[in-house]
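What you see is a predicted model; the values in this text were computed from it and never measured. Keep in mind that the numbers below use all heavy atoms, side chains included, and drop hydrogens, waters and symmetry copies. First the proteins, then the strands, lettered A, B, ... as listed; each starts at 1.
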Protein chains: 2
Amino acid sequence: MNTEQVITMLRKNGHKVTPQRIAICEAVLSNKEHPTAEIIFKKISKQHPTISMTTVYHTLDLLKKLELVHEINFDNRVTRYDSNVSVHVNVICQKCGKISDYESEAIQSQWNRIVSAIKIKPVGQRLDAYVICEDCKG
Amino acid sequence: MNTEQVITMLRKNGHKVTPQRIAICEAVLSNKEHPTAEIIFKKISKQHPTISMTTVYHTLDLLKKLELVHEINFDNRVTRYDSNVSVHVNVICQKCGKISDYESEAIQSQWNRIVSAIKIKPVGQRLDAYVICEDCKG
DNA sequence: ATTCTAATTTGTAATGATTACAGATTACTA
DNA sequence: TAGTAATCTGTAATCATTACAAATTAGAAT
Ligand SMILES: [Mn+2]
Ligand SMILES: [Mn+2]
Ligand SMILES: [Zn+2]
Ligand SMILES: [Zn+2]
């Protein structure tokens, strides 16, 4: 999802295209590390010194409604944003908190089998695997 | 996990057995609806009118460390406690918030396949499927 | 049974990510 | 170019959770 596509998506849904929105969308959609609102805010602040946290939150909510990002909540009470909205596994280190995405045909099809077994049609999913990563095992 | 087992588990790990702890453990371990700390607190308050929220939070943390419950965090910023610590799918209605557990040999084995495909050894997992439940479809 | 003490409980205050609000600004429309 | 609703911004409010310190108590030692 590049900038042109974001602009098209915003216009198509009747939203205005502002410099702040473009900056926030680019920042979050290109970041594969499940950033927090604050991380996005700090990244953007360099180019947009007057941007406010409120705008970041509003825009992330908008992206969530447009189904371009998913929220992931953790026990430290901060929300992280996942720009990968396909079926995938978040592999999360219990020590350092690092998150890696794993996505494959195999994962997709095993998940489909699970869903079939339960006889539901999910509108979304969250698949987390908690590990101690290699860096933290030492 | 009955009261006797809870007492044994506490003693084995060097924790004191108090009336408050017993009440909280019984309340959360018997509740399959993924209750919040406040729901536990209200339930207990009838029998233990002087119990405090702080004690509820401390005891739930203890149960988490003993691996008897898992925390599940949602976007409304309240933590829910899951007394089902085996591999299972939480089926969560996006409208009313109701959570149902699904657990089976099939789910277990599909998840094992996913884990194998990723080549990790998880210390835990969270599998959520988001749906609109029958009651909310009308 | 009584005493001792560290663990636990309790009430209250502090925390901090998120949301509400209202006034200033601005993207789009005509 | 002007008009207006949407958006942005700064500040205040929210509220689940955590920190803290004083009071209580479970369990060990005598
Ligand atoms: Mn992810
Ligand atoms: Mn569950
Ligand atoms: Zn790590
Ligand atoms: Zn429902």
note: A:Leu63, atom CG; D:dT7, atom P; distance rounded to Å ~ 13 Å

*Is the number of heavy atoms from other residues, nucleotides or ligands within 6.0 Å of NZ (A:Lys95) greater than 12?*
no

Would the number of heavy atoms belonging to other residues, nucleotides or ligands and lying under 6.0 Å from CD of B:Glu33 be above 12? no

B:Lys43 side chain reached by B:Asn31 side chain, heavy atoms, under 4.5 Å:
no

Next on the checklist: Any side-chain N or O of B:Gln20 below 4.0 angstrom from OP1/OP2 of D:dT25?
Outcome noted: no

Comparing nearest nucleotides in DNA chain C, the 5'-proximal residue of the pair A:Arg80, B:Thr50 is B:Thr50

Open item on the list: Any non-hydrogen side-chain atom of B:Lys32 less than 4.5 Å from a side-chain atom of B:Asn84?
Closed with: no

- Message: Any base atoms under 4.0 Å from A:Thr36, or only sugar-phosphate, or nothing? Heavy atoms, all strands.
- Response: nothing

Taking for B:Pro19 and for B:Thr79 the nucleotide of DNA chain D with the nearest heavy atom, the one nearer the 5' end belongs to B:Thr79

Ranking A:Leu62 and B:Thr54 by the position along DNA chain D of their nearest nucleotide, the one closer to 5' is A:Leu62

B:Tyr57 atom OH is separated from C:dT10 atom C1', nearest whole Å, by 15 Å

- Using a 4.0 Å heavy-atom cut-off across all strands, classify B:Thr55 as base, sugar-phosphate, or nothing. base

Separation of D:dT7 atom C1' from A:Asp61 atom CG, nearest Å, is 14 Å

A:Ser52 vs D:dG10: side-chain N/O to OP1/OP2 distance below 4.0 Å | no

Rounded to whole Å, the CD-P distance (A:Glu38 to C:dG16) equals 11 Å

For this session: Taking only the side-chain nitrogens and oxygens of B:Arg77, find out if one of them lies under 4.0 Å from OP1 or OP2 of C:dG16.
Result: no

